[in-house]
Amino acid sequence: QVQLMESGGGLVQPGGSLRLSCAASGRISSFRVMGWYRQAPGKERELVAGITRVGSTNHADSVKGRFTITRDNAKNTVYLQMNSLKSEDTAVYYCNAVQAQASGATYTYWGQGTQVTVSS
C-alpha cells in the first residue's frame, strides 16, 4: 500500500550538487526509519544515509561531510542533499522506509530508484 517515489536524479559534473526527494504516500512519521541506499553496476546495494522518527541520522563514511539526509513531515518527504559529488557516487539511488507492525514485525518499502550520474 505504501508507495515511495524518488525524484531529483540526473547527470551532474564532478563537484556538483543534486537534491534527491522521496515522497511517501503515507505519513513519514509512521516509519521507524527512512533512508537512502544506492547501487552501482556490479556492486551490492549499500546504505547511504538514514533518519529515524526522532530525527537522528547516520551517513555512510563515504558520504559524510558531503551528503545530508533531511525530512519534511508536512510534505511527507525525505531528502538527500548531495554536494561535492564524485564519479564514485554514480549509482541508482533508492529510498526506503521501515514500518513497525502491531505484531512487532517490520516491513521495508522501497522506491523505484532514481539514477545519479556524475561525469564530465
Side-chain angles (χ1 to χ4, degrees):
Q1 183 177 345
V2 173
Q3 278 194 308
L4 304 175
M5 299 178 61
E6 302 100 331
S7 62
L11 175 65
V12 65
Q13 295 182 355
S17 297
L18 285 173
R19 189 179 75 161
L20 305 184
S21 298
C22 173
S25 61
R27 295 180 180 181
I28 62 174
S29 60
S30 71
F31 301 117
R32 178 174 293 174
V33 295
M34 296 188 71
W36 288 95
Y37 287 71
R38 68 186 181 187
Q39 188 166 23
K43 303 289 186 178
E44 298 291 331
R45 187 173 298 188
E46 64 176 350
L47 175 67
V48 176
I51 186 166
T52 71
R53 294 216 290 174
V54 297
S56 298
T57 62
N58 277 314
H59 297 79
D61 289 342
S62 60
V63 306
K64 282 182 178 177
R66 300 189 298 119
F67 293 9
T68 305
I69 186 170
T70 59
R71 71 181 183 213
D72 186 335
N73 288 346
K75 295 181 178 180
N76 292 320
T77 300
V78 172
Y79 303 95
L80 184 68
Q81 179 66 47
M82 305 186 295
N83 299 323
S84 302
L85 283 160
K86 306 174 181 179
S87 60
E88 302 94 283
D89 297 317
T90 296
V92 177
Y93 284 71
Y94 298 91
C95 179
N96 95 316
V98 179
Q99 185 177 56
Q101 306 295 322
S103 65
T106 60
Y107 192 86
T108 300
Y109 299 93
W110 293 94
Q112 297 279 35
T114 185
Q115 177 71 47
V116 172
T117 302
V118 185
S119 176
S120 298

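Position 1 is the first residue of the sequence; numbering continues from there.
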**Asked** Do any N or O atoms from the side chain of Asn76 and from the backbone of Ala24 form a donor-acceptor pair under 3.5 angstrom?
**Response** no

**Prompt:** When rounded to the nearest 0.5 angstrom, what distance separates CG in Leu18 from CG in Asp89?
**Reply:** 10.0 Å

**Message:** Taking CD in Glu44 as the centre, count heavy atoms belonging to other residues, nucleotides or ligands within less than 6.0 Å. Is the count above 12?
**Reply:** no

**Item:** Donor-acceptor under 3.5 Å (Arg71 side chain, Arg53 main chain)
**Value:** yes

**Message:** Does Gln13 have more than 12 heavy atoms from other residues, nucleotides or ligands lying within 6.0 Å of its CD?
**Reply:** no

**Prompt:** Under a 4.5 Å side-chain heavy-atom rule over Ile, Leu, Val, Met, Phe, Trp and Tyr, are Val2 and Val78 clustered together?
**Reply:** yes

**Asked** With a 4.5 Å heavy-atom cut-off, do Pro14 and Ser87 have their side chains touching?
**Response** no

**Item:** With sequence neighbours excluded, residues passing salt bridge (charged side-chain N to carboxylate O under 4.0 Å, His left out) with Lys64
**Value:** Asp61

**Message:** Under 4.5 Å between side-chain heavy atoms, counting indirect links through other Ile/Leu/Val/Met/Phe/Trp/Tyr residues: same cluster for Met34 and Tyr79 or not?
**Reply:** no

**Prompt:** Shortest non-hydrogen contact from Val63 to Val48?
**Reply:** CG2-O, 3.6 Å

**Message:** With a 3.5 Å distance limit and no angle check, can you tell me whether His59 reaches the backbone of Ile69 through a side-chain donor-acceptor pair?
**Reply:** yes

**Message:** Closer than 3.5 angstrom, by distance alone: can the side chain of Glu6 be matched with the main-chain N or O of Cys95 as a donor-acceptor pair?
**Reply:** yes

**Message:** Please find the pair of heavy atoms, one from Val92 and one from Gly113, that lie closest to each other, and give the distance.
**Reply:** CG1-CA, 3.8 Å

**Asked** For the atom pair CG (Asn83) and CZ (Arg19), what is the distance rounded to the nearest 0.5 Å?
**Response** 11.5 Å

**Prompt:** So, Tyr109 versus Gln99: side-chain donor-acceptor pair below 3.5 Å or not?
**Reply:** yes

**Request:** Looking only at non-hydrogen atoms, find the nearest pair between Ala91 and Ala40 and report the distance.
**Result:** CB-N, 3.8 Å

**Request:** Classify the angle between the aromatic ring planes of Tyr94 and Trp110 as parallel (below 30°), tilted (30 to 60°) or perpendicular (above 60°).
**Result:** perpendicular

**Message:** Quick check on Asn58: does its CG atom have over 12 non-hydrogen neighbours (other residues, nucleotides or ligands) under 6.0 Å away?
**Reply:** no

**Request:** For Val12 and Leu85, work out which heavy atoms get closest and say how close.
**Result:** CG1-CD1, 3.4 Å

**Shortest non-hydrogen contact between Gly9 and Val116, atoms and distance** = CA-CG2, 4.1 Å

**Request:** Give, for atom CG of Asn96 and atom CH2 of Trp36, the distance between the pair rounded to the nearest 0.5 Å.
**Result:** 10.0 Å

**Prompt:** If you measure from CZ on Phe31 to CG on Leu4, what distance do you get to the nearest 0.5 Å?
**Reply:** 6.0 Å

**Asked** Atom CD of Glu46 and atom CZ of Arg38: how far apart are they, to the nearest 0.5 Å?
**Response** 4.5 Å

**Asked** Looking at Tyr37, does the NZ or CZ of Arg45 lie under 6.0 angstrom from its six-membered ring centre and within 45 degrees of the ring axis?
**Response** no

**Asked** Would you say Gln115 has more than 12 foreign heavy atoms packed within less than 6.0 Å of its CD?
**Response** yes

**Polar side-chain atom of Thr108 near backbone of Val98 as donor-acceptor pair, under 3.5 Å** = no

**Prompt:** For the atom pair OG (Ser17) and CZ (Arg66), what is the distance rounded to the nearest 0.5 Å?
**Reply:** 10.0 Å

